[in-house]
Every structure is written in structure tokens, then in C-alpha cells.
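For reference, the structure is listed below as C-alpha cells.
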Amino acid sequence: MSSALTTHPSPPRRAAIDLAIVHGNARILIVEASPHGIVVDLRGDAYGHGAVAIAAALDDEAIDAFLVSHDDDARAVRESGVSIPAILRSQFNSAEARLIGPEIFGLDTATVPDPRGRGLLPAMTLSACVLSIKRVSADEGVSYGYVYRTARPTTLAMVCLGYSDGIDRHACNGGRAWFAGSTHPIAGRVAMDVFMLDVGENPVSPGDEVVLFGDEAKGYPSPVSWAASLGKTAAEVTASLGDRIVRSYA
């Protein structure tokens, strides 16, 4: 397969976070928790969404505190100009306040297994660019161990996300990603920097966008369904995403 890379103006790995959705989810959860105090859980860099950016976006909401993992995180939130205090776990009193967790990002939790059923939408869309393509015949083994073999002649797209970015190596076991209006199977084990997508007969070129998860109303796999195919929660998936993935906010 060709290893030539193409430079593109947009980041090749991107997590786009919709702050309007975060606000909408927050307001639903704040109303549900009333009249208790509200603490929003921003540990794990806000489950991969960016703690400082999320704290700044929510600074005008009826929130009493942000829960963070370390003193450095609290300092970063404070120094960004956010007026709501950032606290550590030892300062959180569950008898006095309700903790709002990953559900604020539309992710599933033990207490909110179906966030969309509660009106909570996914805030993150994770996407990456196609690096190269290869036309292959039927019964072609793909990636490590050839655990995936093509069922027919098809086109494979190499996508620039890998396990060094936090993508599970075993995403090929039922994992699908969106491309050109529909979802397609992850072909073979995820490599360090890339994975392969079986796009069938769809025209594809380097630079085209592939979406791993986002808003299912747009046809994307949801973070909940993507994580379920791996036997994980969506919060585990987003919190594991690496720094090479550029976060953007709108």
C-alpha cells in the first residue's frame, strides 16, 4: 500500500466539541438535580473534552463547583479566569451536592445508560482523514494476524487514527466508522498510527473525512454504540483519546 501522505489544511485527527450541546445537556441535568447544589465532574480532562475549555464555557451556568483530578488542573481552571471554583475529590460532599458526570457530554454512565433517551446529546464528533487507499481482491488478509479477510473485491482506506491516539486495537470486532453517508467495518486490528476501513465500492480519496463517532442523528455511530462494540463505556473511550487529536470548539 502506498505510504505517501498528503498535507491538508484541516487537522488530520480532530475531536470537534459542540459547546451548545454541552450547555443544553447541562441545563437538563441542573433542572433534574434541583434544589441540590451542582458539581460538574471534569476529571480526566473533562473525559477527553478539555477541562479548561469546558469550565470556561459553563462559567455562566448554575454550577457550584467543578471537580478535577489534581491541583494543577484546579490551578489551570482558576488561571483561565473561570469564576466557579475547581475542587478535588476530598472537598466534594455528596450529601450537599449532586455530581454531574460524563452524561453532560452525552455519554453513558451506570445511572444514565441511555443518555439520548434523557435528551442528552453527544457533544464530541471524532474524525480523521484518509491517508491512502488500496484496491484489493476477495479473501485479502488485512492488518496484524489477518483476523479480517475481505469478503469481496473492495477498496481499503487507511485512516490516520491508531492505538497511540487511544483507539482500541480490537475495534475491528464489530466496530464501524462513517464514510460517504453510511457506516463501514473497521478492517483488521488497529495499528499504532492508523486503521483500515473497508469502504466497498464507494469512491474515496486521500483527505476524505471518516467519522468514528458523533451524533447518530447525522448517521454517525454514537459514542455509546462505538464503546459498546468494545465492551466499554463511552466515557472510557473519550477519556483515553490522545493529545495528537486536535480539540476544536464551536
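Source: prediction; values computed, not measured.
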Problem - Flag if over 12 foreign heavy atoms under 6.0 Å of OH, Tyr146 - result: no

Problem - Asp243, CG: over 12 other non-hydrogen atoms inside 6.0 angstrom - result: no

Exercise for the section: Report the residue from Cys160, Pro12, Ser164 that forms a side-chain contact (heavy atoms from CB on, under 4.5 Å) with Arg244. Expected result: Ser164

Fill in the blank from the handout: Paired with Met196, the side-chain contact (heavy atoms from CB on, under 4.5 Å) test is passed by just one of Val159, Val142, Val136, namely Val142

Exercise for the section: Rounded to the nearest 0.5 Å, what's the gap from CG on Asp165 to CZ on Arg13? Could you check? Expected result: 5.0 Å

Problem - Arg247 side chain reached by Leu241 side chain, heavy atoms, under 4.5 Å - result: yes

Problem - Shortest non-hydrogen contact from Ala55 toward Leu42 - result: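 Closest approach of Ala55 to Leu42: CB-CD1, 3.9 Å.
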
Handout entry: Residues Glu216, Arg116: salt bridge by 4.0 Å N-O rule
Key = yes

Practice task
Answer yes if the side chains of Thr125 and Asp215 hold a donor-acceptor pair under 3.5 Å, and no otherwise.
Solution key: no

Practice task
Answer with yes or no whether the side chains of Asp108 and Thr233 bring together a donor and an acceptor at under 3.5 Å.
Solution key: no

Handout entry: Test item: Asp59 side-chain N/O and Ile84 main-chain N/O as donor-acceptor pair under 3.5 Å
Key =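 Yes, Asp59 side chain to Ile84 backbone: donor-acceptor pair under 3.5 Å.
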
Handout entry: Check: Asn25 side chain, Leu121 main-chain N or O, donor-acceptor pair, under 3.5 Å
Key =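 Between the backbone of Leu121 and the side chain of Asn25 there is a qualifying donor-acceptor contact (under 3.5 Å).
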
Problem - Tyr220 and Trp178 aromatic ring geometry - parallel, tilted or perpendicular at 30°/60° bounds - result: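 Plane angle over 60°, so perpendicular.
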
